[in-house]
Amino acid sequence: MSDSEPPRRKTLSLKSPVAAPGGPPPLERMVKPSARTTVFTPQAPQPEPAPPPPTGDWKCKPCGARFDPPAELADTDSVRCPACNARLGLAADFRADPPNVAKLRARWLKKA
């Protein structure tokens, strides 16, 4: 700081409970009255719902996500993984009976 500059004033915080000199008084925190009272009634604990069964007859080889190839795709359209967006093969290869797994980047899961 040079001699030609005036001394700096102290910086006041906006959250300070002390009023600035010559300024308005600080704001007080308002407490909202409760409109309704909450009554706790103990209830029997709800059993947790069972996790949903894994869906899909196919498993993506790159990421391992299970999926079903969309039925509305044309035979020349490519099927993509819904999780990692990897190209897994053509829709015609998924629909073949038996599926042409040599051309697919997905594994067919056997139903138990």
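On a predicted model such as this, the values are computed, not experimentally measured, just so you know.
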Practice task
Report yes if the side chains of Arg107 and Val101 come closer than 4.5 Å at any heavy-atom pair, otherwise no.
Solution key: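 No, too far: nothing below the 4.5 Å cut-off.
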Exercise for the section: Please examine the side chains of Arg105 and Pro62, heavy atoms only from C-beta on, and report whether any two atoms are closer than 4.5 Å. Expected result: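 Result yes, sub-4.5 Å side-chain heavy-atom pair found.
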How long is the gap from [atom1] on [X] to [atom2] on [Y], to the nearest 0.5 Å?
| X | Y | atom1 | atom2 | result |
| --- | --- | --- | --- | --- |
| Asp68 | Trp58 | CG | CH2 | 10.5 Å |
| Lys61 | Leu104 | NZ | CG | 8.0 Å |
| Leu88 | Lys59 | CG | NZ | 13.5 Å |

Problem - From CA spacing to verdict: side chain to side chain contact (heavy atoms under 4.5 Å, CB included), Phe94, Asn100 - result: CA-CA 7 Å; Phe94 279 95; Asn100 192 355; over 6 Å; no
Nearest heavy-atom pair of [X] and [Y]: which atoms, and what distance?
| X | Y | answer |
| --- | --- | --- |
| Val79 | Leu90 | CG2-C, 4.3 Å |
| Ala74 | Ala91 | O-CB, 3.3 Å |
| Leu73 | Ser78 | CD1-O, 4.0 Å |

Practice task
Could you pull out all residues at least two apart from Pro82 that satisfy side-chain contact (heavy atoms from CB on, under 4.5 Å)?
Solution key: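 Applying side-chain contact (heavy atoms from CB on, under 4.5 Å) to Pro82 gives Phe67.
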Exercise for the section: With sequence neighbours left out, write down each residue that passes side-chain contact (heavy atoms from CB on, under 4.5 Å) with Ala83, or none if nothing qualifies. Expected result: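 So Ala83 forms a side-chain contact (heavy atoms from CB on, under 4.5 Å) with Cys63, Ala65, Cys81.
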Exercise for the section: Please check if the side chain of Arg80 supplies one atom and the backbone of Asn85 the other of a donor-acceptor pair under 3.5 Å. Expected result: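 Judged by distance alone, yes, a pair lies under 3.5 Å.
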Problem - Residue pairs involving residues 84-101 (criterion salt bridge (Lys or Arg N to Asp or Glu O under 4.0 Å); sequence neighbours excluded) - result: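 Every salt bridge (Lys or Arg N to Asp or Glu O under 4.0 Å) pair that includes a residue of residues 84-101, provided the two are not neighbours, is Asp75-Arg95.
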